[in-house]
Amino acid sequence: MDIVYASLRRRESGPVPAQEADEVVGILWAHALPGDALQHITARSETDRIDLLLYLLTRRSADGPADSVDAGYALIARGHRASPLLSRRYHPPAAAAC
């Protein structure tokens with residue numbers, strides 16, 4: 001299993017809504033595809049961001065490293081594009097850095 005850390009930066013700092021972490025986890029699960037190999041998500045809200053840990057099944061291509069970082073980025077970006085709450089509250093995710 002691979003664990004991918006990611007965070008989304010808040011557009012405006014301020015009080016953290018009580019159910020924010022649960023809302024974000026629910027949005028990401030709603031947009032997860034079978035190919036993402038997502039197994040579990042944890043989230044923690046901070047005043048300027050939300051931190052995420054994505055637990056993904058390890059998938060290795062024949063000629064390279066695991067692509068879990070790319071899968072995690074794709075999931076977060078897909079959720080951000082599709083969710084009015086995420087796009088209103090957070091900046092778009094930064095592209096995966098390798």
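Predicted model, so just to flag it, every value in this text is computed and none were measured.
- Taking OG of Ser7 as the reference point, atom CG of Leu52 lies at 7.5 Å (rounded to 0.5 Å).
- Contact record, Ala21 with Ile50: CA-CD1, 3.9 Å, taken as the closest heavy-atom pair.
- Judged as a side chain to side chain donor-acceptor pair (under 3.5 Å), and not counting sequence neighbours, the contacts of Ser45 are Glu20.
- No single ILVMFWY cluster, assembled from side-chain heavy atoms under 4.5 Å apart, contains both Leu57 and Val69.
- Residues meeting the ring pair (Phe, Tyr, Trp, His ring centres under 6.0 Å) test with His40, sequence neighbours left out: Tyr55.
- For Arg11, the salt bridge (Lys or Arg N to Asp or Glu O under 4.0 Å) test picks out no residue, with sequence neighbours left out.
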Which atom pairs, donor and acceptor, lie under 3.5 Å between side-chain atoms of residues 22-32 and protein residues at least two apart or in another chain?
residue : atom : partner : partner atom : Å
Glu23   : OE1  : Arg89   : NH1          : 3.3
His31   : ND1  : Ile27   : O            : 2.8

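- Considering CG of Leu54 and OG1 of Thr42, their distance stands at 8.0 Å, rounded to 0.5 Å.
- Going from atom CZ of Arg78 over to atom CG of Leu86 covers 12.5 Å, rounded to the nearest 0.5 Å.
- Legend: residues meeting salt bridge (Lys or Arg N to Asp or Glu O under 4.0 Å) with Arg81, ordered by chain and number and at least two apart, are absent.
- At least one donor-acceptor pair closer than 3.5 Å links the side chain of Arg10 to the backbone N or O of Thr47.
- Residue Leu33 belongs to no hydrophobic cluster, having no ILVMFWY side-chain heavy atom closer than 4.5 Å to its own.
- Qualifying side-chain contact (heavy atoms from CB on, under 4.5 Å) partners for Glu46, counting only residues two or more places apart in sequence or in other chains: Arg44, Asp48, Arg49, Asp51.
- For Ser83 (side chain) and His80 (main-chain N/O), no donor-acceptor pair under 3.5 Å exists by modelled atom type.
- Nearest heavy atoms, Val4 versus Ser68: CG2-O, 3.7 Å.
- Expressed to the nearest 0.5 Å, how far CG of Asp36 lies from CG of Asp70 amounts to 11.5 Å.
- Atom CG of Leu38 is separated from atom CG of Leu56 by 5.5 Å, given to the nearest 0.5 angstrom.
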